[in-house]
Amino acid sequence: MKILVTGGAGFIGSAVVRHWLQAGHEVVNLDKLTYAAATPTPEGIEHAGRYALEVADVADADAVARIFAQHRPDAVMHLAAESHVDRSITGPADFIETNLVGTFTLLEAARAYFEKLSGEGRARFRFHHISTDEVYGSLGAQGHFTEETPYRPNSPYSASKAGSDHLVRAWHKTYGLPVVTTNCSNNYGPRQFPEKLIPLMILNALDGKPLPVYGQGANVRDWLYVEDHAEALALALSRGRLGETYNIGGGEERSNLELVQSLCDLLDEALPHSPHRPHRRLIAFVEDRPGHDLRYAIDDAKLRRELGWRPKETLASGLAKTVAWYLQNRGWWEPIRSGVYRGERLGRLAGGARR
Ligand SMILES: NC(=O)c1ccc[n+]([C@@H]2O[C@H](COP(=O)([O-])OP(=O)(O)OC[C@H]3O[C@@H](n4cnc5c(N)ncnc54)[C@H](O)[C@@H]3O)[C@@H](O)[C@H]2O)c1
């Protein structure tokens, strides 16, 4: 297959690109190369003649139409997005442009392309939209999100993703575009941009800097290792039923404080001579994020039942791999930490404007 992956230079997109290249397929990566595009070249895989990078904006209709016409993909996996909730609080415009207008533009180009396909190519074509569990809003202490949970997004990020999910559904119902949507919980693993919780904590701890935990650290998230997500996505693309949505989760709920404490303990073990041990001493509680959802938890029984997917990593094994990767790959993150993102607090409203 030839797969057009959007956002393939980002954290999850680059894992998806590696997955398909390793399986012997061809990949076209459509990516604008924003600040978050930390992995534009797939590493450690022989991909001569099977990987092309197209630097373009998903919201640029002419560029996207040209890419469809030139590469003639068998399927599209749409991951390109502005993805950081904190940035969406202080700068929502980019989220509306990329996540909503960009998804609309890509859907229109995919529709025009699909309408001209015939025979096997038409039967095979899929538009796979990759989304988040954050569209469902926040849970209390009990319960899980299912595919039937009403959408109640609370941040500009989750609202823009919710809107994009609705567009994808409408392009299926109205125009018959063959779509599949997946909504996944928090991902972690190698090559995650250091503004996100886990890499930020690892890299701050290495420098002996405070580990900023929002509020009391009581917010609960479900965590999934990124390569397990990439496998679930490949299954959903290949075998998911058209027009359906599938939740994807790790079955590993932790409060943010528990998660950061686990990272500290892993670093204590990995770095017996660090002057910053015990790393738990670095934990610092800071002003909470505005509109911070209390708890996300995923019921992914549908995906497990219909497609037979199971994550391979537990949170313990995945976190150990992740810490080891950041310790061994300074060359990947040092230029980011000394340049485009130095670990500063994002997402605070000016003048104490809080709800
Ligand atoms: N990270 C998570 O925990 C998580 C969980 C569930 C779903 N998702 C979804 O998965 C997708 C990928 O997330 P991620 O964490 O890898 O994001 P990321 O921020 O690491 O990467 C996003 C990529 O999209 C590209 N991009 C941004 N705007 C673009 C535009 N206008 N045109 C073309 N390319 C553009 C960036 O250059 C970057 O390479 C997103 O759609 C996100 O909503 C993420």
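Just so you know, ligand 1 is whichever comes first in the structure, and atom 1 is the first atom listed for that ligand. Values below: every heavy atom of this structure, side chains too, minus hydrogens, waters and symmetry copies.
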Under the ring-ring contact (aromatic ring centres under 6.0 Å, His included) test, residues paired with Trp20 that sit two or more places apart: His25
Under a 4.5 Å cut-off applied to non-hydrogen side-chain atoms, are Val179 and Arg169 in contact?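 Counting from C-beta outward, Val179 and Arg169 never come under 4.5 Å.
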Pairwise side-chain contact, Pro73 with Phe68, heavy-atom cut-off 4.5 Å (strictly under):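 Yes, at least one pair of side-chain atoms sits under 4.5 Å.
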Provide, line by line, the atom pairs where ligand 1 and the protein bring an N/O atom each to a distance under 3.5 Å; else say none.
from: ligand 1; atom 1: 3 (O); to: Asn187; atom 2: N; distance (Å): 2.8
from: ligand 1; atom 1: 16 (O); to: Phe11; atom 2: N; distance (Å): 3.3
from: ligand 1; atom 1: 16 (O); to: Ile12; atom 2: N; distance (Å): 2.7
from: ligand 1; atom 1: 17 (O); to: Ser83; atom 2: OG; distance (Å): 3.3
from: ligand 1; atom 1: 19 (O); to: Ser83; atom 2: OG; distance (Å): 2.7
from: ligand 1; atom 1: 20 (O); to: Phe11; atom 2: N; distance (Å): 3.0
from: ligand 1; atom 1: 31 (N); to: Asp57; atom 2: OD1; distance (Å): 2.9
from: ligand 1; atom 1: 31 (N); to: Thr98; atom 2: OG1; distance (Å): 3.0
from: ligand 1; atom 1: 32 (N); to: Val58; atom 2: N; distance (Å): 2.9
from: ligand 1; atom 1: 34 (N); to: Lys32; atom 2: N; distance (Å): 3.0
from: ligand 1; atom 1: 37 (O); to: Asp31; atom 2: OD1; distance (Å): 2.6
from: ligand 1; atom 1: 37 (O); to: Thr34; atom 2: N; distance (Å): 2.9
from: ligand 1; atom 1: 37 (O); to: Thr34; atom 2: OG1; distance (Å): 3.1
from: ligand 1; atom 1: 39 (O); to: Gly10; atom 2: N; distance (Å): 3.0
from: ligand 1; atom 1: 39 (O); to: Asp31; atom 2: OD1; distance (Å): 3.3
from: ligand 1; atom 1: 39 (O); to: Asp31; atom 2: OD2; distance (Å): 2.6
from: ligand 1; atom 1: 41 (O); to: Leu79; atom 2: O; distance (Å): 3.0
from: ligand 1; atom 1: 41 (O); to: Lys161; atom 2: NZ; distance (Å): 2.7
from: ligand 1; atom 1: 43 (O); to: Tyr157; atom 2: OH; distance (Å): 2.7
from: ligand 1; atom 1: 43 (O); to: Lys161; atom 2: NZ; distance (Å): 3.1

Is it true that Glu313 and Lys321 make a salt bridge, defined as a side-chain N closer than 4.0 Å to a carboxylate O? yes
Under the salt bridge (charged side-chain N to carboxylate O under 4.0 Å, His left out) test, which residues partner Asp299, sequence neighbours left out? none
Quick one: salt bridge (charged side-chain N to carboxylate O under 4.0 Å, His left out) partners of Arg330, sequence neighbours excluded?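 Scan of Arg330 (salt bridge (charged side-chain N to carboxylate O under 4.0 Å, His left out), adjacent residues dropped) gives Glu334.
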